[in-house]
Amino acid sequence: MLDIDVIRAAPEKIREMLIKRNKTTERLDALLEADGEWRKLTNENNQLRKTRNAVSLEIGKMPKGPEKDAKIKEMRGVGDLIAANDARMAELEAIRKDNLLNIPNIPADDVPVGKDDTENVEVKVWGERRKFDFEPKNHSQLMLDLDMVDFERATKIAGSGFYCLKGDGARLERALICFFLDMHRKQGYKEVFTPIVVNTAAVTGTGQYPNLKDDMYHLEKDDLWLNPTAEVPVTNLLQGDILTREDLPVKLTAYLPSFRREVGKHADTAGIIRVHEFNKVEMVRFEEPSKSWDALEEMRGHAEELLQLLGLPYHVLLLCTGDQSFSCAKCYDLEVWAPGENRYLECSSCSNDLDFQARRAMIKYRPEPHLKSEFVHTLNGSGLALPRTMVAVLENYQNADGSVTIPEVLRPYMGGQERIVPPETRKTF
RNA sequence: GUGGAGGUGGCCCAGCCUGGUAAGGCGCCAGACUGCUAAUCUGGUGUCCGUAGGACCCGGGGGUUCGAAUCCCUCCCUCCACGCCA
């Protein structure tokens, strides 16, 4: 959520921003109109209340009689006027809030202007793409051949778009999670494990609600949402808090399942690249405003380190204005190379949201004990999304005989195992 | 789920029964004073509209009233006890 004062001061800058982001400006116009009328009525009601407060005090001291009755009657009329204004103001505030909550963050100055994902800018390429002397399989085939996954049975119990890992598939998943969390701990993040369902205040705080509400699973009876990304529960842990400067930076990491309805996105890929439920390890940071840009670069480095230690080639994209998500001011995507797919797969997004989420979730800090509290800056980055990392591991580390070599950094988490090999006999489990 | 207690500025807490427009303390800041960053005294320390000034704020929402922290309804949360339970 943007600062209404900033919008009032320079509405034309906000208009330009929306156009750069490839968004309409209707909401801005509606917001400004509602705000103008709201301010007018606010002043009007302030005057009416002032009168009523003074007269009410007099009434309390007056003796019974026609004079007192007349005053009471007069004040009853004033009360009606106030109530009428209040009703209109409530409407205006709802309009204002609805529009304010639906206006995206302002892209940082160094974010390239572009209409969609074709105009993102590649800022870094890391690693050598492996040259295969055989035709590399895609992950789906590998996982089936190695008996690591069962799509049908997952569909049976949950529907299409879900999958069940088994055997070395499940163990590799767990190894990756443990590796990511251990690395983030070394990088200075404190591990948390939060609830996987969150309330509407939480999804509003980080900006998924209302504009992405159709992509989240909603538990109607309890009005709760299934976690769409760990950014939501983890960032909102500090909802409503006022931190001290000594508290900052707060660096948290969490492993959490994430749920996406993926409405309108057809499953263009068989396998586990786009699914309704997937695991993700996330980094979330709360920073002093002056330090958030450095923190973004550092956090991106933390995510990159994981891919480097896994020995997976990747590149880094700086997202353009048209492809940026709603809440962020600047965002890098890390895409890992998947030779079986013959393309890059997005496995991390690292963004600085500035005070956009903090203003929604009321997360503040006091620069000094006597100074007024200010909003913190929030950042989040995946480190990393599991399914696509697993795809990259399997496809990059596959061998001609159909086996997969386990990257060295993961072996301690798999009891020293070095390879995943096809099963000798096929049994149900 | 049942019963009880509770939710008041950054923190603690009074006021509620009996409606009259939020007291006090701690912390922090400024000023005064004093050898002193200590003690003491004075003032400041929530949000909104704003030039002034004013309005609002007692967990959220609604109601009664000229006037609600206070009375009524409703929802949420916390603590304690009991119940149920992985």
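Proteins get letters first, then strands, A, B, ... in listed order; numbering begins at 1 in each. Please read all numbers here as calculations on a predicted model, not as lab measurements.
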Please name the residue in the list A/Leu379, A/Asp353, A/Ile363 that meets the side chain to side chain contact (heavy atoms under 4.5 Å, CB included) test with A/Thr235. A/Ile363

Look at the side-chain N and O atoms of A/Arg39 and state whether any lies under 4.0 Å from the OP1 or OP2 oxygen of B/G50. yes

Roughly how many Å apart are B/A22 and B/U18, using the P atom of each and rounding to a whole number? 22 Å

Aromatic ring proximity, centroids under 6.0 angstrom, A/Phe356 and A/His377: no

Whole-Å distance separating the CD atom of A/Gln239 from the P atom of B/G60: 15 Å

Under 4.0 Å between any heavy atoms, over every strand shown, what does A/Ile59 touch: base, sugar-phosphate, or nothing? Just pick one. base

Ring centroids only, cut at 6.0 angstrom: are A/Trp225 and A/Tyr209 within range, meaning strictly under it? yes

To the nearest Å, how far apart are A/Lys97 NZ and B/G61 C1'? 13 Å

5' priority, RNA chain B, between A/Ile4 and A/Asn45 [closest heavy atom]: A/Ile4

Return the 5'-most residue of the pair A/Lys372, A/Lys73 with respect to RNA chain B, ranking by each residue's nearest nucleotide. A/Lys372

CE of A/Met75 versus C1' of B/C66: gap in Å, rounded? 8 Å

Touch check for A/Lys50, heavy atoms < 4.0 angstrom, all strands: base, sugar-phosphate only, or nothing? sugar-phosphate

